Amino acid sequence: LKHKGMPPCWALCISVALCRSPPHTLAEAWEATEIDAALVAPDGVGGAVERINASAPEGDAEETQAGDEGEEQSRPLGAEERGRALIGMTPQDDKDWSDFEGPMEDIWEDSALRCSVSRPEWAQYRHVYLLGNAAIGGGPGAEHPLTAAKMLAAVLLRRTSNLTDVVSSCNVGVVAGLERLARLVRLTNPDASALVYRLLQLALVFIFTLRNANRIPPSPGRLWQISEQHVIPFIGHIKKTTMEQDQFSLVRGSHVHEIAPTFRASELRIAIVGICAYPDDHPLALKDITPGNREAYAERHGYQSRMHTEPPVIGGNIQIQHAKLATMLHYILSGDFDWVVWFDCDSIIMNHHRTLDSIIYQYAQVPRSVTGRNLTGNWTDTWAPQDAPIEIFHSVNGSLLARAPQIGEVSGKVVDTDVEVAFTSGALKAQFQEAADGLALEWENGAVWYRVSRDREDGGGCLSVDDCPGLALDPEIDLFITEEGWGLSSANWMIRRSAWSVQFLQRALDVAHVEMPLFGDQDAIIYLLLNQQALTAAAMGCEETRRQEMCDPLDHHAVIVPQFELNSYDQLNALTMDCDGFDGYGFQRRVPDLLITFPQCKDPDYCNDLFRAADEYSQMNLRGETLPHEGSNWVHLRVFGPLDAVRHLYNQQRAEEDQY
C-alpha cells in the first residue's frame with residue numbers, strides 16, 4: 001500500500017478490498033482519504049492501475065504510446081480510462097471528444113470536466129467518483145456498493161465543506177457525485193429512502209449554483225454522465241413512492257399530547273415577520289392585503305407583527321435575497337421574542353382562530369412514553385364499527401370511565417401499559433398498541449378499539465398547558481420548517497430564540513452572502529440542515545446515525561412539520577407540485593388550514609383575483625363567518641378546490657391546448 005505511485009483513494013480502495021473492513025466512523029473515513037504527498041507520484045496511479053487492469057477483458061488492458069525517444073512502448077490504461085471502461089463508456093460515446101487531439105489524458109483537463117482535477121484533492125474526488133460509478137453497474141473489478149458509497153460520501157463531505165471551492169472548482173462534479181451516492185445508498189439500503197431524498201435535495205441545490213435555468217451544461221455533463229434529468233425525476237419518484245407519509249406522525253405524533261387549534265400559552269412572546277416591499281404604484285394587490293391581514297391576526301392573539309413595507313436596512317450590503325435571514329437574525333438577537341415566525345408576503349392568514357402557540361406545542365413538545373398517555377377521546381370498536389363511538393374519560397390519577405349505548409357506563413384504570421375495565425360481562429384487560437393512525441387498545445378477548453378523535457368540538461386536545469399535565473417543550477427543538485415539491489422550503493418557517501438559532505442564522509447568512517453569493521436563503525438553509533448530516537449518515541452506512549426509524553439525516557434541532565400547517569398552496573399549484581393545497585371547507589382536514597401561499601404568482605391581471613378571493617375568505621373567518629364556496633367559479637376552485645375538480649379542469653384545458 002505504500003507504493004509511491006498510488007494516490008491515497010486507491011490505497012483506501014485496496015485496503016478495503018483486502019481487509020473487508022471499511023471505515024466505521026467518519027473520523028476513520030477521513031484518515032483513510034487524507035492526501036499524503038509521499039504516496040502521490042507524478043507518473044500516474046502506480047500499483048492501483050494493476051488492480052484495475054486485472055479486471056479488463058483480454059487484449060484491452062494496454063495501449064501503445066510514443067516514448068520520449070520516439071519508440072513505442074506499452075502503457076497500462078489510466079484510472080480515468082479504466083473507470084469509464086468499467087461502466088461501459090468509450091471515447092466514441094461522447095461526440096465532444098472528437099474535438100480533442102493528442103493523448104487521451106488531454107480530455108481530462110480542468111476545462112473539459114469543469115473541475116480542477118489538476119489539484120490533488122479534486123483528482124482524488126474524481127477517482128473515488130469513478131469507483132462509485134463503477135460499483136453501481138457491478139462487473140469485474142467493481143467495488144462493493146456499500147464500500148463505494150462510504151468512500152464517496154467521505155470525500156464529498158470533505159469537498160463540500162468549502163462551498164466557494166465547489167462553485168469555482170467542480171460544481172458539476174459534485175452534483176454528479178451526490179446523485180451517484182443517492183443511487184448507491186438506495187442500492188445497498190432500500191429502507192434508507194429519506195437519506196436518498198436528502199442527498200437528491202443537495203444535488204438540486206448545487207444545480208442551482210450553475211445559474212443555468214436549472215440545467216447542467218451538456219459538455220461537462222456528458223463527461224460526468226449527469227444531467228438534471230437524472231436528478232429531478234429521481235427525487236420526484238422517491239417523494240411520491242416513499243416519502244408521502246407525514247414523517248412527524250411516524251416518529252413523534254403517536255407519542256405526544258393532542259393540541260387544540262385554539263391552544264394559547266400566554267407566556268410565549270411571538271413575532272410575525274415579513275417583507276412586503278412593493279412601490280406604491282405596483283399593481284399587485286398583495287401590498288394592500290397582506291400587511292393588514294397580518295396585523296389583524298397578530299392583534300387577535302397578542303402577537304407582534306413586524307411587516308416591513310420597505311426593504312429593511314440591516315447593514316453589511318445585504319442583497320435582497322438574503323434579507324430574510326438577516327431580518328430574522330435581527331429579531332432573534334433583539335431578545336424581545338421567544339419565537340420569531342417568517343411568512344412570505346404571498347402568504348395570507350386564512351384561519352384566524354388557529355394559534356401559532358398550538359403549532360409550537362404540537363410539534364416541539366417532549367414526547368411521552370406510552371404509559372404517560374391520556375386516553376380521553378372517542379374510540380371505535382372493530383367488532384361493531386357501525387355502533388356509536390365509545391367515549392373514554394381518563395383522569396390524571398389513572399382512573400378511567402368508558403360509556404356507549406352498547407356497553408353502558410363502565411369504569412376501570414390504567415396500570416403501566418395495561419388497561420383494566422370492569423364490563424358488565426366481566427373484567428377485561430387491554431394493552432396499548434401503536435397503530436398507523438394513532439393508538440389502539442387490543443383486548444384479551446380479541447376486540448380492538450381505535451381512537452378516532454378527541455372529545456372537543458374545536459378539533460380536540462389541550463387548550464392550555466394546565467389542561468394537559470406533563471405538557472412541556474423540548475429545549476432541543478429550535479426550528480420548524482416545511483417541505484413540498486422537491487424539498488425543504490423557506491417560504492414560511494418558525495425559529496426559537498436560542499444559542500443554536502443565533503449560530504444557525506449567522507452561519508446561513510455567511511454561507512449565502514459571503515461564501516456562496518449564488519445561494520438564496522433557502523439553499524443556505526438546506527445546505528446547513530442536510531449536507532453534513534446526510535453525508536455523515538452515508539459515510540457511516542446509517543448504522544451510527546440512524547435518526548428514529550427512517551434514517552432521516554436532518555439536524556436534530558429542526559422539525560419538518562406537515563406542509564399544510566404552515567405552507568398550504570393554492571389548489572392549482574398544489575396539483576402541479578404534488579403537495580398540500582389549502583383546505584378551508586373540510587375536503588381533507590377537519591380544521592381549516594392556517595394560511596394559503598401563492599408561489600410565484602406575479603401577474604396582476606391573473607393573480608389579483610386569487611388574492612382577493614383569499615382575503616374575502618380570511619375577513620369572513622375573522623368575523624366567525626364562512627365564505628360560500630362557488631364550485632362553478634374557476635377563481636374559487638383554484639384557491640379552495642376541491643382538488644379533483646381542479647385536476648379535471650386543468651387536464652381538460654391542457655387537452656384543448658394540445659389540439660391547437
Side-chain angles (χ1 to χ4, degrees), residues 197 200 204 213-215 228-229 231-246 283-286 289 344-351 482-489 491-492 522 562-590 592-618 621 626-660:
Y197 187 55
L200 293 172
L204 278 175
N214 297 338
R215 295 177 61 86
E228 66 281 353
Q229 292 305 313
V231 178
I232 295 173
F234 191 6
I235 194 172
H237 172 74
I238 293 293
K239 181 178 186 294
K240 191 171 184 63
T241 58
T242 63
M243 297 295 290
E244 289 276 312
Q245 290 178 291
D246 167 17
L284 208 62
L286 285 174
I289 293 174
D344 274 353
C345 183
D346 59 4
S347 295
I348 298 174
I349 301 292
M350 301 292 274
N351 183 355
T482 66
E483 62 183 354
E484 77 294 318
W486 293 336
L488 301 179
S489 169
N492 301 315
Q522 182 166 291
Q563 185 205 338
F564 65 81
E565 294 283 29
L566 290 174
N567 202 18
S568 291
Y569 280 12
D570 66 273
Q571 288 288 343
L572 182 58
N573 269 307
L575 173 66
T576 57
M577 294 289 286
D578 192 22
C579 57
D580 292 341
F582 173 75
D583 187 0
Y585 291 93
F587 295 130
Q588 296 173 292
R589 292 175 287 280
R590 191 156 45 102
D593 297 343
L594 172 66
L595 56 75
I596 188 170
T597 299
F598 297 89
Q600 301 302 316
C601 205
K602 306 295 185 185
D603 180 2
D605 293 336
Y606 180 68
C607 297
N608 281 349
D609 288 342
L610 307 179
F611 302 149
R612 292 186 179 111
D615 185 48
E616 185 180 9
Y617 178 102
S618 174
N621 175 271
T626 301
L627 178 70
H629 185 272
E630 300 178 20
S632 60
N633 183 328
W634 169 241
V635 170
H636 269 234
L637 285 175
R638 163 151 187 183
V639 175
F640 305 117
L643 185 62
D644 287 342
V646 176
R647 180 182 294 109
H648 172 73
L649 290 177
Y650 176 73
N651 291 337
Q652 185 180 60
Q653 181 179 0
R654 291 188 64 182
E656 292 174 356
E657 291 174 352
D658 290 343
Q659 291 180 353
Y660 296 98

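The shown structure was predicted, so the numbers you read here are calculated from the model rather than taken from an experiment.
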Between [X] (side chain only) and [Y] (backbone N and O only), is there a donor and an acceptor less than 3.5 Å apart?
| X | Y | value |
| --- | --- | --- |
| Y617 | G584 | yes |
| N351 | P592 | yes |
| T597 | N567 | no |
| D344 | D346 | no |

For H648, ring pair (Phe, Tyr, Trp, His ring centres under 6.0 Å) partners two or more places apart: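 By the ring pair (Phe, Tyr, Trp, His ring centres under 6.0 Å) rule, H648 matches no residue at all.
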F611: ring pair (Phe, Tyr, Trp, His ring centres under 6.0 Å) partners, not counting sequence neighbours: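 F611: ring pair (Phe, Tyr, Trp, His ring centres under 6.0 Å) contacts with F598.
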Whether the D580 and S568 side chains hold a donor-acceptor pair (N or O, under 3.5 Å, no angle test) is what I'd like checked.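 Their side chains do not contain a donor-acceptor pair, so the 3.5 Å distance test is not met.
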To the nearest 0.5 Å, what is the distance between [atom1] ([X]) and [atom2] ([Y])?
| X | Y | atom1 | atom2 | value |
| --- | --- | --- | --- | --- |
| W634 | D609 | CH2 | CG | 13.0 Å |
| I289 | L284 | CD1 | CG | 8.5 Å |
| D644 | L649 | CG | CG | 11.0 Å |
| E616 | N621 | CD | CG | 12.5 Å |
| D583 | Q571 | CG | CD | 7.5 Å |

Taking the six-membered ring for Trp, are F587 and Y585 parallel (under 30°), tilted (30 to 60°) or perpendicular (over 60°)?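 Tilted.
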Heavy-atom side-chain contact between E483 and S489 under 4.5 Å: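 SC-SC contact between E483 and S489 ruled out.
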Lys/Arg-Asp/Glu bridge criterion (N-O < 4.0 Å) met for R612, D615: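 No, this pair does not count.
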In chain order, what residues pass the side chain to side chain donor-acceptor pair (under 3.5 Å) check against N573, with sequence neighbours excluded?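 By the side chain to side chain donor-acceptor pair (under 3.5 Å) rule, N573 matches D570.
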How far apart are the closest heavy atoms of G581 and D593, and which atoms are they?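 Closest approach of G581 to D593, heavy atoms only: O-OD2, 3.7 Å.
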